Amino acid sequence: MFTLPNTKFVIDHDLFERNTAQYADDIIAEIERSLTNEGHARPVAVHFLCRRGNKSRKAIFALAPIIQQRLLERDGTNLQPSDIELVNVIGGLTYWTSKVDPTFPVV
């Protein structure tokens, strides 16, 4: 399977049907590591990418309220909901292949 660097592969039915909260917690933990270890500026953009942009948009709608609630409930953290920007790559990999990199493999 082809993968992009610094990415996490998510199976959509797993995200939408079973583990949405776990994915939200994973995103928060990864952003905290990035801010601490790599000195990223805030807000940290988390890009969601699928073949055409539809499932990534749905993933953002599913994850955004959970991430916001988790951050508001936490004590002892300096990470706020405004520190995370969830970005849908509109058009997905199909658009990327047609406009940016025609050698990119879209299956």
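Please read these numbers as outputs of a predicted model, since none were measured by experiment.
- In this structure Gln68 satisfies the side chain to side chain donor-acceptor pair (under 3.5 Å) test with no other residue, sequence neighbours excluded.
- Put simply, the side chain of Leu71 does not reach to within 4.5 Å of the side chain of Asp83, judged on heavy atoms.
- The distance from the CG atom of Leu72 to the CD1 atom of Ile67 is 12.0 Å, given to the nearest 0.5 Å.
- In this structure, Ile84 CD1 and Glu32 CD are separated by 8.0 Å, a value rounded to the nearest 0.5 Å.
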Throw together a table of side-chain donor-acceptor distances under 3.5 angstrom for residues 56-63, partners on residues two or more places apart or in other chains.
from	atom 1	to	atom 2	distance (Å)
Ser56	OG	Gly53	O	3.2
Ser56	OG	Asn88	OD1	2.3

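- Under a hydrophobic clustering in which Ile, Leu, Val, Met, Phe, Trp and Tyr are joined whenever their side-chain heavy atoms come within less than 4.5 Å, directly or via other members, Val46 and Ile28 fall into the same cluster.
- Applying the side chain to side chain contact (heavy atoms under 4.5 Å, CB included) test to Pro43 and every residue at least two apart in sequence or in another chain returns Glu85.
- Within the model, atoms CZ of Arg51 and CG of Leu93 stand 9.0 Å from one another, a figure rounded to the nearest 0.5 Å.
- Listed by chain and number, the residues in a side chain to side chain contact (heavy atoms under 4.5 Å, CB included) with Val44 are Ile31, Leu35, His40 (sequence neighbours excluded).
- Hydrophobic clustering (ILVMFWY, side-chain heavy atoms < 4.5 Å, transitive): Ile66 and Tyr23 are in distinct clusters.
- Under the 4.5 Å side-chain criterion, counting only non-hydrogen atoms from C-beta, Phe48 is in contact with Leu86.
- Residue pairs meeting the salt bridge (Lys or Arg N to Asp or Glu O under 4.0 Å) criterion with at least one partner in residues 62-71, sequence neighbours excluded, are Asp25-Arg70.
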Would you give me the side-chain donor-acceptor pairs under 3.5 Å for residues 99-106, sequence neighbours excluded?
from	atom 1	to	atom 2	distance (Å)
Asp101	OD1	Thr103	N	3.0
Asp101	OD1	Thr103	OG1	2.5

